[in-house]
A.B. asks: 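Pasting a structure here, questions to come.
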Amino acid sequence: MAISAKLLGEDEYVVVSTRTHWKALIFPVFLLLVVAGAGGFLAAIVPSGSLQTPGRIAILAVGVVILVAFALKPFLNWFFSTYTVTNRRLITRHGILTRTGRDIPLMRINDVSYEHGLVDRILGCGTLHIESAGERGQVVLPDVPHVEHVHLQMSDLLFGGPEGRPGDGILSDEDPPEHMRRRSQQEEQRPKSDDGETLFSSDDGDR
């Protein structure tokens, strides 16, 4: 399921790799059971005679067409669609015969958020919203398994974890984007006490 190591750059490693949630398979599995049951019932009640064999073949053919069109295709779409987060970029891959993909460098992502309704919370999935500085703006990833964990991992990469890492998937020899430079400059300008703690923030209002 993880992206091939040959497609990763130097010093790049996979943080999260997943497919969409298994709830995408609920309808195909339900349809499979219904078609199998209905097909078996119809085949059993076909009257005996010269038309019995052609009738059963026709029932089988109709069942196969329905399953291929409405069950097999959704399953293959789920199987071949992946979301991958590395320490440098977000990678999405979709498609069965015609593959499509999109790579977004983490340093171009401005914000990442998630939402999940009651059903998604019960099933353990949600929708991830990613705001990037590219031309296409927002990227929506639906039905992400363990969306809260994925959101936490991406936030850690983007904005640094509790240890105060720089974040944004930026290596030490790279220049951070403009909004990160502004944030660093603002933090450097804040007065600090002798023990290194910030005395106040420029965002604090009058109290």
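What you see below is based on every heavy atom in this structure, not just the backbone, and it leaves out hydrogens, waters and symmetry mates. Nothing fancy with the numbering, it's 1 onward along the sequence.
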A.B. asks: Less than 4.0 angstrom from a charged side-chain N to a carboxylate O is my criterion; do D103 and R93 meet it?
C.D. replies: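 Salt bridge between D103 and R93, a charged N being under 4.0 Å from a carboxylate O: yes.
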A.B. asks: Could you pull out the closest heavy-atom pair between F70 and F27, with the gap in Å?
C.D. replies: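 Minimum heavy-atom separation between F70 and F27: O-CE2, 3.8 Å.
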A.B. asks: Is V139 close to I104 at the side-chain level, that is, under 4.5 Å between some pair of heavy atoms?
C.D. replies: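 When only atoms from C-beta onward are counted, V139 and I104 do touch, with a gap below 4.5 Å.
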A.B. asks: How long is the gap from NE2 on H116 to NE2 on H151, to the nearest 0.5 Å?
C.D. replies: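 Interatomic distance, H116 NE2 to H151 NE2, rounded to 0.5 Å: 10.5 Å.
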A.B. asks: Could you tell me whether the side chain of L67 reaches within less than 4.5 Å of the side chain of L32, counting heavy atoms only?
C.D. replies: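 Side chain of L32 against side chain of L67, heavy atoms only: contact under 4.5 Å found.
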A.B. asks: Y83 versus L128: any side-chain heavy-atom pair under 4.5 Å?
C.D. replies: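 Of all side-chain heavy-atom pairs linking L128 with Y83, none is under 4.5 Å.
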A.B. asks: Under 4.5 Å between any side-chain heavy atoms of C125 and K23, yes or no?
C.D. replies: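 With C-beta onward as the side chain, the pair touches.
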A.B. asks: Taking all non-hydrogen atoms of both residues, which atom of D143 and which atom of T127 are closest, and how far apart?
C.D. replies: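 Taking D143 first and T127 second, the nearest heavy atoms are N-OG1, 4.3 Å.
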A.B. asks: Rounded at 0.5 Å granularity, tell me how far CE in M107 sits from CG in L158.
C.D. replies: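 Between M107 CE and L158 CG, I get 11.5 Å after rounding to 0.5 Å.
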A.B. asks: Under a single-linkage definition using a 4.5 Å side-chain heavy-atom cutoff for Ile, Leu, Val, Met, Phe, Trp and Tyr, are F41 and V34 assigned to the same hydrophobic cluster?
C.D. replies: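 Different clusters.
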A.B. asks: Do R99 and S81 come close enough that some side-chain heavy atom pair is under 4.5 Å?
C.D. replies: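 No, side chains not in contact.
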A.B. asks: Could you check L31 against I66 for side-chain contact (heavy atoms from CB on, under 4.5 Å), going step by step and ending with a plain yes or no?
C.D. replies: CA-CA 9 Å; L31 183 63; I66 293 175; 4.2 Å; yes
A.B. asks: Using 0.5 Å steps for rounding, measure from the CG atom of L106 to the OG atom of S132.
C.D. replies: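 If I round to the nearest 0.5 Å, the distance is 11.5 Å.
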A.B. asks: Please tell me whether F75 and V68 are part of a single hydrophobic cluster in this structure, the criterion being side-chain heavy atoms less than 4.5 Å apart.
C.D. replies: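 Linked, F75 and V68 end up in one cluster.
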A.B. asks: Does some side-chain heavy atom of D156 sit less than 4.5 Å from a side-chain heavy atom of M154?
C.D. replies: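 Not touching, per the 4.5 Å side-chain cut-off.
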A.B. asks: Distance check, rounded to the nearest 0.5 Å: Q153 atom CD versus N87 atom CG?
C.D. replies: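 If we round to the nearest 0.5 Å, Q153:CD and N87:CG are 11.5 Å apart.
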A.B. asks: Counting C-beta onward and ignoring hydrogens, is there a side-chain heavy-atom pair between V144 and T20 closer than 4.5 Å?
C.D. replies: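 No, every pair of side-chain atoms sits at 4.5 Å or beyond.
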A.B. asks: Shortest non-hydrogen contact from A71 to P74?
C.D. replies: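 Closest approach of A71 to P74: O-CD, 3.3 Å.
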A.B. asks: Do L33 and I26 belong together in a cluster built from hydrophobic side chains that touch within less than 4.5 Å?
C.D. replies: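 Unlinked, L33 and I26 end up in two clusters.
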A.B. asks: Taking all atoms of both residues into account, what is the closest heavy-atom pair of T86 and V15, and its distance?
C.D. replies: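 Heavy atoms only, the tightest pair is C-CG2, 3.8 Å.
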A.B. asks: Is it true that D11 and R88 have a side-chain N and a carboxylate O under 4.0 angstrom from each other?
C.D. replies: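 The answer is no: the pair does not qualify as a salt bridge.
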A.B. asks: Please answer: with hydrophobic residues joined when any side-chain heavy atoms are less than 4.5 Å apart, are V64 and V62 in the same cluster?
C.D. replies: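 The answer is no; the residues belong to distinct hydrophobic clusters.
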A.B. asks: Taking W78 for its side chain and L25 for its backbone only, find out whether a donor-acceptor pair lies under 3.5 Å.
C.D. replies: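 Answer holds: no.
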A.B. asks: Inspect the surroundings of NE2 in H146 and state if more than 12 heavy atoms from other residues, nucleotides or ligands are less than 6.0 Å away.
C.D. replies: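 12 or below, so no.
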A.B. asks: With a 4.5 Å heavy-atom cut-off, do E131 and V112 have their side chains touching?
C.D. replies: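 No, every pair of side-chain atoms sits at 4.5 Å or beyond.
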A.B. asks: Where do S113 and D111 land on the side-chain contact (heavy atoms from CB on, under 4.5 Å) test, with the steps shown first?
C.D. replies: CA-CA 7 Å; S113 60; D111 181 65; 4.2 Å; yes
A.B. asks: May I ask whether F30 and I122 are part of the same hydrophobic cluster, defined by side-chain heavy atoms of I, L, V, M, F, W, Y residues being less than 4.5 angstrom apart, directly or through others?
C.D. replies: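 Not linked; separate clusters.
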A.B. asks: Roughly how far, to the nearest 0.5 Å, is the CD atom of E148 from the OH atom of Y114?
C.D. replies: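 Between Y114 OH and E148 CD, I get 3.5 Å after rounding to 0.5 Å.
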A.B. asks: Hey, what do you get for CG (L97) to CZ (F80), rounding to the nearest 0.5 Å?
C.D. replies: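 Reported to 0.5 Å precision, the distance equals 9.0 Å.
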